[in-house]
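All ligand and atom numbering here is 1-based and tracks the order in the structure.
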Amino acid sequence: MIAIGCDHGGYILKEQIKQYLSDKNIEYKDFGTYSQESIDYPDVAKPVCEAVVNGECKDGGILICGTGIGMSIAANKIKGIRAALCSNGYTAKMTKQHNNANVICMGARVIGNEIAFDIIDQWLNNDFMGGRHQNRLDKIDALENK
Ligand code: RB5
């Protein structure tokens, strides 16, 4: 189960991504927002990330706002979240392999829907490499816990 959420700037892309996930029989839970009416992105980042951390959505989270920046800043404040702002398939592949990102963020005003779908594919279809990369994640955890 994947958690998905957006603010008003990401609403249209979120709906397109939901269709894409459905077409691939990938389960998701939509945490809103549900229209293009203005909202504050931390209000959606919070429940999406909590669902990832508590295991309700163990396959990770997708957050979309206008640039993806606000969502990524907010998401990375939540303990246990490694959120990556991705702008193409390469960054999505690398953030799974090297950073084991459990949330990906996208900017609906920055990328098109086909790039967004490629980001999702690369993130879902690659594996964390562990090894020296795990050492680095351990150091990030230490920063989070200090
Ligand atoms: C909303 O206008 C916009 O600020 C938001 O979607 C996002 O881009 C923030 O980082």
side-chain contact (heavy atoms from CB on, under 4.5 Å) assessment of V53 paired with K79 = CA-CA 8 Å; V53 169; K79 191 175 166 68; over 6 Å; no
Take D30 and Y34, measure what side-chain contact (heavy atoms from CB on, under 4.5 Å) needs, and give me the verdict at the end.
-> CA-CA 9 Å; D30 184 359; Y34 304 107; 3.6 Å; yes
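Ranking the protein heavy atoms by distance from atom 9 (C) of ligand 1 puts Y41 CE2, 3.5 Å first. With hydrogens left out, the protein atom closest to atom 10 (O) of ligand 1 is G70 N, 2.8 Å, a heavy atom. At the shortest separation from atom 7 (C) of ligand 1 among protein heavy atoms lies C65 SG, 3.4 Å.
The D7 neighbourhood of ligand 1 comprises atoms 1 (C), 5 (C), 6 (O), with distances under 4.0 Å to a heavy atom of that residue. The ligand atoms of ligand 1 that sit less than 4.0 angstrom from a heavy atom of H8 are 1 (C), 2 (O). For ligand 1, the atoms lying closer than 4.0 Å to a non-hydrogen atom of G66 are 5 (C), 6 (O), 7 (C), 8 (O). Against a heavy-atom cut-off of under 4.0 Å, R109 is close to the following atoms of ligand 1: 1 (C), 2 (O), 3 (C).
Closest of all the heavy-atom pairs between A83 and N76 is N-OD1, 2.9 Å.
The shortest side-chain heavy-atom distance between I104 and C86 falls under the 4.5 Å cut-off.
Both the backbone and the side chain of T67 come within 4.0 Å of ligand 1, counting heavy atoms alone.
Side-chain atoms of R136 do not come within 3.5 Å of backbone N or O of N99 as any donor-acceptor pair.
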